[in-house]
Amino acid sequence: MNIQNSLLIDGAQVIGTGASFSVINPATEETLCLCNMASSDQLDQAVAAARRAFPAWSQTPDAERSRFMHQIADRIEANAEELATIIVKEQGKPMALAQLEVGAAAGWTRYNADLEIPEQVFEDSDNRYVKEHRKPLGVVASITPWNWPLMIAIWHIMPALRTGNTVICKPSGMTPLNTLRLVEIMNEVLPKGVVNSVMGEAEIGNAISGHTGINKVIFTGSTPTGQRIMVNASNTLKRLTLELGGNDAAIVLPGSDVDAIAEGIFNTAFINMGQTCAALKRLYVHESQYEEMCKKLADIAAQQVVDDGLKPETTFGPVQNANQYRLVSELVEDACKNGGRIICGGKALEGLGYFYPPTIVADVLNGIRLVDEEQFGPVLPVIPYTDVDQAVQMANDSKFGLGGSVWGADLELADRVAQQLECGSVWINNHAEVLPHIPFGGSKMSGVGVEFGIAGLLEYTQLQVINTQK
Ligand code: NAD
């Protein structure tokens, strides 16, 4: 496979002139590719190209923009195998999950292509006609993390394009290669300058969020980086959508059918090796079913094949990077020092690669790091409770508010509990399900704004009111 490492600015491939860095395969610790960050001059060139492309793109008729986007989806599907292989090599997830990511990228593209931009009439009376007009913002910068790199790039780029904006993408330096290839594929279809890519970390990120030529930043990543972007963006009052960290709680109601729900709980906690913003990250189980649930989860963990995601039998890949791998070990050790009991896993695998098996830690409570912090890795703390009010209070005892879930057969009770949870999405008998037509976003320190559906689309527009006196 010819892995490309160049930026794409104004329709042309260019090598970054900033510092070089290595992209590492987390399954082997080998260098996959040597890349160069963009210099600040190259960022300026990308912004200038996007600004030049904006007038024509924003005035392109809706139906034509939609056609371009369907052509992009066709190109993603035609290059699906290559994109999925790049994702496995740089991100680590098993091939089936990478294929799902590429499929979702194409699906999300088509969904956005077919979305209508709604415009309301506020008043149509004898005196006046007042309507809403939705205008594109200008240049949108997308900054993405390393966990679902291709899908999240699509989540950012597609509503921006649909509403007539032009785009600068900055992927994570841990997993830039799939996004660089995606932008290259898009440029086979789009007019030059409509979508551009740059590479780099905090330095280029700061330059983006403070740039006077960029009108909006859509950011998915950690809460501290989101806070930094908000500060930097204040000089230009940039529009922001911030999808940040989470520490989602799940409450299993007393009397639940543990056999029926354990698989769903395991899958939504350990999806992508736990490296998913809205994964289930803290599990609260009534004391009457506590041991049964821990055992069932351990049985499912024992069935996982932990190995390189390129091997067909692998169901569980490595942690994406060395820092996250160390953090997971550190949180598990700290939990054990604070009375935690390892039900399964609990120790990194020996040898090359950042492999950490699915780990369940019991007998922990709020107040220890593994429960209070976002672990973002393959370890799930299971916390006992005695009554549902106490479980709700412990679930809400967090600075984060991304998602949450309630599990049980009594759907009315589950709904009452759901309404008490302080988070942007609550799933009942499920978790972490995101869909292109359902708004998704965080409360508290988990974010500002929403993505997906009409509500998400409108975040890429400026509301203008046109008030006509009759
Ligand atoms: P991160 O914040 O370290 O990095 C995210 C991106 O920000 C990267 O592209 C990075 O290069 C860039 N960046 C770094 N410093 C910057 C700066 N000063 N200004 C602008 N950009 C900068 O996050 P990560 O480790 O890549 O991702 C993991 C985090 O992302 C977790 O907290 C996870 O919960 C969160 N996340 C949230 C969602 C969501 O939808 N809420 C989805 C996925 C991941």
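Each ligand, and each atom within it, is numbered from 1 in the order the structure gives.
- Applying ring pair (Phe, Tyr, Trp, His ring centres under 6.0 Å) to W108 and the options W148, F452, F440 leaves one that passes, F452.
- Among residues at least two apart or in separate chains, side chain to side chain donor-acceptor pair (under 3.5 Å) pairs with a member in residues 315-324 are Q304-T315, N323-R326.
- For residues 206-232, there are no salt bridge (charged side-chain N to carboxylate O under 4.0 Å, His left out) pairs, not counting sequence neighbours.
- Between F376 and W146, the two ring planes are perpendicular [angle over 60°; tilted spans 30° to 60°].
- Applying the salt bridge (charged side-chain N to carboxylate O under 4.0 Å, His left out) rule to E201 yields no partners; only residues at least two apart in sequence or on another chain are considered.
- Of the N and O atoms on the side chains of T241 and E451, not one donor lies less than 3.5 Å from an acceptor on the other residue.
- For ligand 1, the 4.0 Å heavy-atom shell takes in I143, T144, P145, W146, N147, I152, K170, P171, S172, G200, E201, A202, G205, N206, F219, T220, G221, S222, T225, R228, I229, E243, L244, G245, G246, C277, E374, F376, L402, F440, ordered by chain and residue number.
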